[in-house]
Amino acid sequence: MSTQAQHQYPLNCPTGRWTMFSTILATSMAFIDGSALNVILPSLQQDLFASGVDLFWVLNSYLLMLAALIIVGGSLGDKLGRVKVFKFGILVFTIGSAFCGLAQDITQLIVFRTIQGVGGAFMIPGSLSIISAVFSSEEKGKAIGTWSATTTIVTICGPVLGGALADAGLWRLIFFINLPFGLLSILALHFKVPESKQPKVSKVDWSGAVALVLSLAALTFGFLEMPEWGYQHPIVILNLVLGAFFLIVFIIIEKRVTDPMVPLSMFSNKTFSGVNLLSFFLYAGMGAVMLFLSLNIIQVQGYSQLQAGLTFLPFSVIMVLAARKMGELTSIYGARRFLILGPTITGSGMLWFSFVGMTSGPSVYWSTFFPPFLLFAIGIAITVVPLTTAVMACVDDSKSGIASGINNSVTRISGTFMNAILGAVVILIFGNYVIEAMGSLSVSETVKEQVMQEIPKLGEAVASTDYEAGLQQSINSIFNNSFIAVYQMVCWISAVLAFLSAGIAFFMVEGKKV
């Protein structure tokens with residue numbers, strides 16, 4: 001086989017069908033894991049005796065590696081062979097999934113989620129690059145549309161499947177289900193999908209990749225350890241300083257190397273910089289709301305994990321239905337107006353969430369959480385396709401891959417830092433609410449100490465069953481009300497980030513049609 005795929009194929013030929021099968025199946029592993037994980041967090045926390053900070057590490061250990069390595073993964077695929085690197089990513093992700101399912105404590109799970117993140121970084125960029133290389137120009141749009149629609153439908157199943165398995169005490173199967181998916185994908189790719197790569201191979205920017213990984217790791221570790229050690233602890237300060245230092249080193253490297261991992265000159269395009277800033281703030285807020293909404297409705301509002309999964313269905317269904325239409329409208333009117341309107345509607349939905357306090361449970365879902373969920377989903381559906389289109393339209397075709405990789409990485413980095421900051425701040429604020437409310441109760445110092453020990457659990461915090469019924473109910477009420485207060489704060493912060501995204505679109509995204 002030559003350095004390029006020898007032929008480009010139609011969608012309905014055997015090679016085309018095997019390519020779609022393998023790329024969709026592999027990508028579905030990451031999408032199912034991502035959408036189901038928030039729903040199974042309460043069961044995971046209970047079974048592995050995890051604290052609130054531990055849960056953030058479960059999320060961040062994966063996001064950290066994915067955000068830091070995803071551009072490198074795409075670049076290596078172009079240089080060394082897209083199918084080869086894609087198979088490597090699937091293999092690492094599948095092995096990491098198996099270990100996650102076997103984890104006996106929260107530390108093991110965090111380590112194995114890191115392995116998943118490395119695999120995902122080499123796997124996720126590969127699917128679209130393989131589709132672009134295999135299919136003819138007439139078929140690419142249809143192939144990418146098929147991939148997008150199918151993976152979105154699969155993502156819908158994630159929360160429902162996660163909720164059902166968690167309710168049955170089988171949350172580990174969310175990880176084990178990746179084993180047959182990964183094996184089938186590797187076999188199909190090996191025997192049925194042609195290899196392709198760039199004819200001109202340039203050096204990989206390993207020094208830039210290492211500097212970025214070190215920067216993100218140090219900053220995230222410093223933020224996540226703040227609740228335990230405090231803002232002024234030397235280890236926290238050292239990690240934050242090291243993170244900033246390696247970020248500066250990364251920028252210097254990218255300016256000097258011949259083939260940078262991130263060509264900084266791309267950011268001189270105001271629209272490209274604006275769209276990536278918009279992505280950073282919008283996805284940071286969206287990820288925070290989705291996480292705390294899941295914890296709130298399960299741990300405080302009394303929904304089962306299956307019911308919690310079903311609450312996300314409107315979001316996914318609206319995304320599927322809106323995708324094609326938004327593509328047509330963006331072609332006609334351009335991306336700018338939708339990138340102003342979408343985040344504004346999304347932020348309004350986030351604000352509405354903050355006004356939903358303690359409810360009587362799933363029976364009132366349609367009058368409590370559903371209306372803001374609907375508004376939130378419509379806003380995101382209006383935004384996603386124009387956002388992707390704007391990223392690709394403001395660079396020439398030779399840089400479309402790296403442009404997509406940068407935007408993909410930005411959205412992951414935003415989630416990493418938002419979760420890190422929330423992991424540091426939320427537990428402190430939750431503790432302050434609990435301590436202040438406990439002042440109204442006449443209890444012993446022993447009871448106060450026991451209550452303090454529950455604070456790191458956030459929504460899982462519960463009064464000891466050894467207390468008399470009245471005291472137990474009062475303390476549980478304090479825990480619930482304190483968590484809802486923190487959840488409302490997260491909604492307010494996220495809404496501000498969404499409105500800021502709309503402002504960025506107004507001032508930085510050009511209005512010309514795509």
Side-chain angles (χ1 to χ4, degrees), residues 34-35 38 59 63 67 270-297 311-312 314-316 318-319 322-323 326 329-330 334-356 368-391 407-423 425-426 429 484-509 511:
S35 60
N38 282 350
L59 298 172
L63 287 172
K270 187 170 76 168
T271 296
F272 184 77
S273 297
V275 171
N276 280 289
L277 270 177
L278 186 157
S279 300
F280 184 90
F281 291 118
L282 182 64
Y283 278 88
M286 185 174 70
V289 164
M290 297 286 269
L291 171 60
F292 276 85
L293 179 64
S294 296
L295 295 175
N296 181 21
I297 62 180
T311 64
F312 287 88
F315 178 84
S316 302
I318 289 173
M319 289 292 297
M326 287 309 306
L329 292 174
T330 303
R336 182 175 181 268
R337 64 188 67 191
F338 299 114
L339 295 180
I340 297 170
L341 177 64
T344 301
I345 295 175
T346 301
S348 301
M350 292 170 173
L351 271 183
W352 197 342
F353 274 132
S354 72
F355 294 112
V356 181
T368 55
F369 286 104
F370 177 72
F373 223 135
L374 186 62
L375 195 63
F376 176 77
I378 290 171
I380 294 297
I382 290 173
T383 306
V384 170
V385 173
L387 179 61
T388 305
T389 304
V391 168
N407 188 251
N408 213 338
S409 184
V410 164
T411 61
R412 266 73 179 184
I413 290 170
S414 71
T416 302
F417 280 102
M418 191 63 176
N419 285 340
I421 293 170
L422 290 177
V425 173
V426 163
I429 296 175
I484 288 175
V486 169
Y487 154 80
Q488 290 172 330
M489 180 199 71
V490 170
C491 291
W492 296 334
I493 293 172
S494 299
V496 169
L497 294 177
F499 294 141
L500 178 60
S501 300
I504 290 170
F506 182 84
F507 288 107
M508 296 188 69
V509 176

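The shortest side-chain heavy-atom distance between Val356 and Ile484 does not fall under the 4.5 Å cut-off. Side-chain contact between Phe369 and Thr311: absent, with no pair of heavy atoms (C-beta onward) separated by less than 4.5 Å. When side chains are defined from C-beta on, Met286 does not count as touching Thr346, because their heavy atoms never get closer than 4.5 Å. Looking only at side-chain heavy atoms (C-beta outward), Leu295 and Tyr487 stay at 4.5 Å or farther from each other. With a 4.5 Å cut-off on side-chain heavy atoms, Phe355 and Gln488 do not count as touching.
Nearest heavy-atom pair, Ile318 versus Leu374, reported as atom, atom and distance to 0.1 Å: CD1-CD1, 3.4 Å. Closest heavy-atom contact between Lys270 and Phe507: NZ-O, 3.7 Å. Contact between Val486 and Val426 at its shortest, heavy atoms only, is CG1-CG1, 3.2 Å. Of all non-hydrogen atoms in Ile340 and Ala502, the two that sit nearest each other are O-CB, 3.5 Å.
Residues forming a ring pair (Phe, Tyr, Trp, His ring centres under 6.0 Å) with Phe373 (at least two apart in sequence, or on another chain): Phe312, Phe353.
One finds the CD1 atom of Ile382 at 7.0 Å from the CD1 atom of Ile378 (value rounded to the nearest 0.5 Å). Of the inter-residue distances, the one linking Leu277 atom CG with Met508 atom CE reads 5.5 Å to the nearest 0.5 angstrom. Remark: Leu278 CG to Leu500 CG distance equals 8.5 Å, nearest 0.5 Å. Phe281 CZ to Met418 CE: the interatomic distance, rounded to the nearest 0.5 Å, is 10.5 Å. Here OG1 of Thr411 is found 10.5 Å from CZ of Phe280. Values are rounded to the nearest 0.5 Å. Put simply, OG1 on Thr383 and CZ on Phe338 are 10.5 Å apart, with the number rounded to the nearest 0.5 Å.
Side-chain N or O atoms of Ser501 include one that pairs as donor or acceptor with a backbone N or O of Leu282 at under 3.5 Å. Side chain of Asn296 to main chain of Phe292: no donor-acceptor pair is present (N/O by atom type, distance under 3.5 Å, no hydrogens or angles).
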Could you list the donor-acceptor pairs under 3.5 angstrom formed between side-chain atoms of residues 491-499 and any protein atom two or more places apart in sequence or on another chain?
| from | atom 1 | to | atom 2 | distance (Å) |
| --- | --- | --- | --- | --- |
| Trp492 | NE1 | Ser354 | OG | 3.0 |
| Ser494 | OG | Gly285 | O | 3.1 |
| Ser494 | OG | Val490 | O | 2.9 |

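Figure legend: cation-pi geometry between Arg337 and Phe506 absent, as NZ or CZ is not positioned both under 6.0 Å from the six-membered ring centre and within 45° of its axis.
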